[in-house]
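Below is one structure, written out as C-alpha cells, with a few remarks after it.
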Protein chains: 2
Amino acid sequence: MKISTRTRYGLRAMIEIAGAKPDSGVFQKDIAASQSLSVKYLDHIIQALKTARLISNAKGKKSGYILTRKPSEITIFDIHRAFEPGICVVECISGNYHCDLSEGCQASGFWKQLNNLIYNYFNSITLDDLIHGRVTFEDESFSEEASRQKA
Amino acid sequence: MKISTRTRYGLRAMIEIAGAKPDSGVFQKDIAASQSLSVKYLDHIIQALKTARLISNAKGKKSGYILTRKPSEITIFDIHRAFEPGICVVECISGNYHCDLSEGCQASGFWKQLNNLIYNYFNSITLDDLIHGRVTFEDESFSEEASRQKA
DNA sequence: TTTTATCCTACTATTTTAATAGGATTTATA
DNA sequence: TATAAATCCTATTAAAATAGTAGGATAAAA
C-alpha cells in the first residue's frame with residue numbers, strides 16, 4: 001500500500017507550478033532544485049503531467065510550465081491518473097478480471113469499498129485545497145498506531 | 001497502491017477458518033485446496049497469522065486452526081498487521097522520518113488524511129462483518145472509472 | 001550559431017514481492 | 001514403537017515493479 005514516488009513528486013511539482021506567479025512559467029531545473037531531484041529524473045515526471053494535459057508550456061528556450069486549468073479544477077485523482085492507470089487496490093476487482101473464487105468471495109466487497117473510498121477522497125480534493133492549506137492533519141498520535149514502519 | 005497478495009490470501013484464509021464448524025479446526029491443506037495455493041506457500045501465510053496470534057492450533061498430527069477470538073473481535077486492521085508493519089501510504093509521514101522539505105510541504109496533510117482514512121476503515125470492519133455479508137459493493141460503474149488497469 | 005530548455009527513448013540498477021524447496025519437529029494412530 | 005500426517009522453520013530462487021541514469025534530438029531565444 002505505497003503511493004509511488006513518481007506520484008508523490010508529481011503532486012509536489014504540481015503544487016510548485018500552481019504556486020508560481022501567474023504570468024511566469026516554472027522551469028524543470030527550478031523544480032528539480034527545490035525538490036533535490038536530478039533534472040533528468042524530474043523530466044519523466046513533468047512529461048507524464050504534460051501527457052495528461054495538466055500542464056503546458058511554450059517550446060524552445062523560454063519554456064516553463066503553467067497549469068492548463070485553475071487549481072480548483074484539478075483534483076488529486078487527475079494528478080494520480082497521470083502516473084497510474086487508475087486506483088485498484090487488488091487486481092481481482094478490476095473490470096475484466098475473472099476469478100474462479102469470486103462467486104462466493106466474501107472479501108471482494110471489502111476491497112471494492114476500499115477502492116471506492118480512496119477514489120472518492122482523491123476526487124474530492126483539489127490542488128487549490130492543498131495550496132491554501134485546507135488539507136491538514138494535526139493529531140500526532142495517528143502515526144504511532146497505524147503507520148509504523150520497518151526499521 | 002496495491003494490497004499484497006499475502007494480505008489478500010491471509011484475509012481469505014481467516015474467512016475460511018471463521019466459517020468452519022466451531023468445534024473442528026481447519027487444515028492448511030484444505031485452505032490451500034480451496035484457494036488453489038500450494039500448501040508450502042500457504043504455510044507462510046498461516047504462520048504469519050499465527051505469529052500475530054489471530055489463530056491457534058494443537059501440535060502434531062491432529063492440528064487444524066481455529067480463531068483465538070470471536071470474528072466480531074477481529075478487525076481487518078488486525079489481519080493486515082499480520083503481514084505489514086502498519087499502514088503507511090508514503091514513507092515521509094511515518095514517525096521517525098525526517099524530510100528537509102517537510103517544513104513547507106503542502107502535500108503531507110493530504111497523505112496523512114489518506115492514511116487515516118484507510119486506517120479507520122480497516123479498523124471499523126470486522127471479520128464478522130465479512131462472513132455475514134455486511135460489506136458489499138453493488139454499483140458496477142465504479143470499476144470503469146477508477147480501477148482501470150494495464151492491459 | 002550558440003545556448004538553454006524540453007522532448008523522447010532506451011537502459012540499468014535496485015528493491016520488493018511471490019513462490020519454491022528441504023528438512024525438522026510434534027503427535028495421533030496403526 | 002514405527003510411521004504417517006501435519007505444522008514449523010529457514011533459506012533460496014524467480015519474477016515483477018519501481019527508481020533512477022544516460023544520451024542525444026529538437027525547438028527557439030539571444
Side-chain angles (χ1 to χ4, degrees), chain A residues 1-10 12-13 17 20 24-33 35-66 80 82-86 88-92 149-151, chain B residues 1-10 12-13 17 20 24-33 35-66 68 80 82-85 88-92 149-151:
Chain A
M1 274 305 255
K2 278 276 181 294
I3 294 285
S4 74
T5 69
R6 280 180 146 101
T7 301
R8 281 196 295 117
Y9 289 145
R12 290 221 304 238
I17 295 167
S24 68
V26 181
F27 293 120
Q28 283 191 10
K29 66 172 181 185
D30 294 328
I31 300 174
Q35 306 207 3
S36 304
L37 301 175
S38 75
V39 174
K40 285 290 190 185
Y41 181 36
L42 184 73
D43 201 12
H44 294 303
I45 290 151
I46 293 292
Q47 293 309 318
L49 292 171
K50 197 183 175 192
T51 300
R53 298 174 184 280
L54 296 173
I55 57 176
S56 67
N57 65 330
K59 286 187 177 176
K61 192 174 177 181
K62 200 159 180 208
S63 188
Y65 293 95
I66 57 170
H80 183 267
F83 300 97
E84 309 290 338
C88 185
V89 296
V90 297
E91 315 84 58
C92 57
Q149 273 301 90
K150 287 166 195 161
Chain B
M1 274 305 256
K2 278 277 181 294
I3 293 286
S4 74
T5 69
R6 279 181 148 102
T7 301
R8 281 195 295 117
Y9 290 144
R12 290 218 306 236
I17 294 167
S24 67
V26 181
F27 293 120
Q28 283 190 9
K29 65 171 181 185
D30 294 328
I31 300 174
Q35 305 207 5
S36 305
L37 301 176
S38 75
V39 174
K40 284 291 190 184
Y41 181 37
L42 185 73
D43 201 12
H44 294 303
I45 290 150
I46 293 292
Q47 293 309 317
L49 292 170
K50 196 183 174 190
T51 300
R53 299 173 184 279
L54 296 174
I55 57 177
S56 68
N57 63 330
K59 287 186 177 176
K61 191 175 176 181
K62 201 160 179 206
S63 187
Y65 294 94
I66 57 169
T68 57
H80 183 265
F83 300 96
E84 309 289 338
C88 185
V89 296
V90 298
E91 313 86 57
C92 57
Q149 273 300 88
K150 288 167 193 161

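Letters go in sequence order (proteins before strands), and every chain restarts at 1. Being a predicted model, the structure only gives us computed values, none of them experimental. Just so it is clear, the values below take in all heavy atoms, side chains as well, and ignore hydrogens, waters and symmetry mates.
Nearest-nucleotide positions on DNA chain C for A/Ile46 and A/Met1 put A/Ile46 closer to the 5' end.
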Which is it for A/Gln35 and A/Tyr41 under the side chain to side chain contact (heavy atoms under 4.5 Å, CB included) test, yes or no, and what are the steps along the way? CA-CA 11 Å; A/Gln35 306 207 3; A/Tyr41 181 36; over 6 Å; no
Write down the protein N/O and nucleotide N/O pairs, taken from nucleotides 22-26 of chain C, whose separation is under 3.5 Å; answer none if there are no such pairs.
| unit_1 | atom_1 | unit_2 | atom_2 | d |
| --- | --- | --- | --- | --- |
| C/dG22 | N7 | B/Lys40 | NZ | 3.1 |
| C/dG22 | O6 | B/Lys40 | NZ | 2.6 |
| C/dG23 | O6 | B/Lys40 | NZ | 2.5 |

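In this structure, A/Ser38 reaches the D/dT21 phosphate: one of its side-chain N or O atoms is under 4.0 Å from OP1 or OP2. Side-chain N/O atoms of B/Ser4 include none lying less than 4.0 angstrom from OP1 or OP2 on C/dT17. For A/Gln28 and C/dT6, the shortest distance from a side-chain N or O to OP1 or OP2 is below 4.0 Å. Close to C/dT4, at under 4.0 Å from its OP1 or OP2, lies no side-chain N or O of A/Lys29.
Atom CZ in B/Arg12 sits 10.5 Å away from atom CG in B/Leu42 (nearest 0.5 Å). Atom CG of B/Leu49 and atom OG of B/Ser56 lie 12.0 Å apart (nearest 0.5 Å). Note that OG of B/Ser63 is 8.0 Å distant from CD of B/Gln28, once rounded to the nearest 0.5 Å. Within the model, atoms CD1 of B/Ile17 and CG of B/Asn57 stand 9.5 Å from one another, a figure rounded to the nearest 0.5 Å.
Salt bridge A/Glu91/B/Arg8: present, at least one basic N to carboxylate O contact under 4.0 Å.
Distance, A/Lys62 NZ to D/dA29 C1': 9 Å, rounded to whole Å. Nucleotide C/dC8 holds its C1' atom 16 Å from the CD1 atom of A/Ile45, rounded to whole Å. Remark: C1' of D/dA19 and CZ of A/Arg8 are 11 Å apart, rounded to the nearest angstrom. In this structure, the CD1 atom of A/Ile17 is 10 Å from the P atom of C/dT6, given to the nearest Å. Between A/His44 atom NE2 and D/dA22 atom P there is a gap of 11 Å when expressed in whole angstrom units. Distance, A/Gln47 CD to D/dG20 C1': 16 Å, rounded to whole Å. Regarding A/Leu42, its CG atom lies at a distance of 14 Å from the C1' atom of D/dT21, rounded to whole Å. Here C/dT17 presents its P atom at 14 Å from CZ of B/Phe83, a figure rounded to the nearest Å.
Contact check for B/Met1 versus B/Val89: side-chain heavy atoms found under the 4.5 Å cut-off.
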